[in-house]
Amino acid sequence: MAFRVAAAAEDFPKTASFALELEEARYLQERILAKAGGTMLACLIGADSQLNLSGFPWEYEGVARLPASVRNELDHARRFSAVMHGAALVYNALIAHAQQNEESMADFRDRLLEWTDEMVALRPELESWDVKEFWRRVRLQNNRIGRPTWAFIQTWIDMTVKGSVMVGDDISGRRRAADLGPRAIAERGAVRLLNKTAMEQWNGEAGNW
């Protein structure tokens, strides 16, 4: 199927949008279903009813109706997201401390304590998490994950499950949690801990969501 490229509007790109005509939408739907079948995206694209999405994919109200394989992947993603959020918080807390930013230090202290409570509540699920299956699924999508990245993530998961990164108010606890090396906490952003200019450009939320 071929589409004619329409002439640009006079005030382009101010009026540009991703709104599709019905024919275009159906074509895009067909291509997604053909190329990404069995994924959550394909399930959502193929839904007959209007979607009511949430902030995270595993919070989607229709998750129980998704195929078992998709639900399993979402479960891995949910646990991974919860665990690795702590690494981002630790990293930002270290930057705040290095800059002696009292307001940010207090903010990340509170957020780290909240994360600690969340991990305590999540402990049973983390202890039963099949991390080997998680990595198998990840490598099916990307088998070029570097050894340093894998080592950091795996060690962080292990530490979180064991409760050894349950950090408190003191910065030393956060530093112990980051002993694996600042580079691993954020592949590109962690150079801020070593680079003055990058530290000055920190916006307070590196790697957070």
Side-chain angles (χ1 to χ4, degrees), residues 35-41 56-58 68-99 104 108 111-112 114-116 118-168 170-209:
K35 293 295 185 179
T39 65
M40 183 176 184
L41 176 60
F56 294 100
W58 47 86
S69 60
V70 175
R71 296 199 308 272
N72 288 338
E73 289 188 350
L74 286 175
D75 190 51
H76 283 298
R78 177 179 59 85
R79 300 185 204 204
F80 175 77
S81 176
V83 169
M84 297 310 298
H85 184 49
L89 291 175
V90 167
Y91 172 58
N92 282 278
L94 290 172
I95 297 177
H97 183 264
Q99 293 187 349
S104 292
F108 282 108
R111 290 162 72 176
L112 277 164
E114 289 178 3
W115 177 78
T116 296
E118 291 174 4
M119 293 304 98
V120 170
L122 197 62
R123 182 74 58 78
E125 291 190 58
L126 295 181
E127 291 176 341
S128 63
W129 186 14
D130 189 346
V131 180
K132 289 183 179 180
E133 174 62 13
F134 162 74
W135 281 116
R136 187 190 72 80
R137 289 174 177 268
V138 169
R139 289 195 173 95
L140 285 175
Q141 301 297 322
N142 180 7
N143 61 6
R144 299 185 300 276
I145 297 173
R147 176 73 183 182
T149 299
W150 175 87
F152 169 72
I153 293 174
Q154 183 60 57
T155 305
W156 185 270
I157 291 173
D158 291 341
M159 292 170 64
T160 304
V161 172
K162 294 176 183 177
S164 55
V165 290
M166 301 296 103
V167 294
D170 64 298
I171 192 63
S172 62
R174 296 172 214 157
R175 288 195 180 281
R176 286 195 300 273
D179 277 345
L180 295 167
R183 176 187 170 196
I185 294 180
E187 291 182 351
R188 289 175 293 182
V191 295
R192 289 188 180 89
L193 295 175
L194 307 174
N195 185 294
K196 180 180 178 181
T197 301
M199 285 276 284
E200 293 172 350
Q201 294 176 347
W202 175 59
N203 65 4
E205 292 292 335
N208 272 325
W209 55 88

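What you find for Gly38 and Ser69 is that their closest heavy atoms are O-OG, 4.4 Å. Among all heavy-atom pairs drawn from Val161 and Arg123, the shortest one is O-CD, 3.2 Å. Closest non-hydrogen pair, Leu122 versus Ala82, comes out as CD2-CB, 3.8 Å.
The side-chain heavy atoms of Thr160 and Trp115, taken from C-beta on, include a pair separated by under 4.5 Å. Side-chain atoms of Ile153 and Trp135, non-hydrogen and from C-beta on, do get closer than 4.5 Å to each other. Side-chain contact between Gln154 and Phe134: absent, with no pair of heavy atoms (C-beta onward) separated by less than 4.5 Å. Within the 4.5 Å cutoff, no side-chain heavy atoms of Arg71 are placed close to those of Trp58.
Contacts classified as salt bridge (charged side-chain N to carboxylate O under 4.0 Å, His left out) and involving residues 76-87 (residues at least two apart or in different chains) are given here: Asp75-Arg78, Asp75-Arg79, Arg78-Glu125.
Within the 3.5 Å criterion, the main-chain N or O of Ala77 finds no donor-acceptor partner in the side chain of Ser81. Not a single donor-acceptor pair under 3.5 Å links the side chain of Asn143 to the backbone N or O of Arg139. At least one donor-acceptor pair closer than 3.5 Å links the side chain of Trp156 to the backbone N or O of Val83.
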Going through the distances and angles, do Gln141 and Arg137 end up as a side-chain contact (heavy atoms from CB on, under 4.5 Å)?
CA-CA 7 Å; Gln141 301 297 322; Arg137 289 174 177 268; over 6 Å; no
Would Glu114 and Arg111 count as a salt bridge (Lys or Arg N to Asp or Glu O under 4.0 Å) here? Give the steps.
CA-CA 5 Å; Glu114 289 178 3; Arg111 290 162 72 176; over 6 Å; no
Between Val138 and Phe80, does the side-chain contact (heavy atoms from CB on, under 4.5 Å) criterion hold? Intermediate values first, please.
CA-CA 11 Å; Val138 169; Phe80 175 77; over 6 Å; no
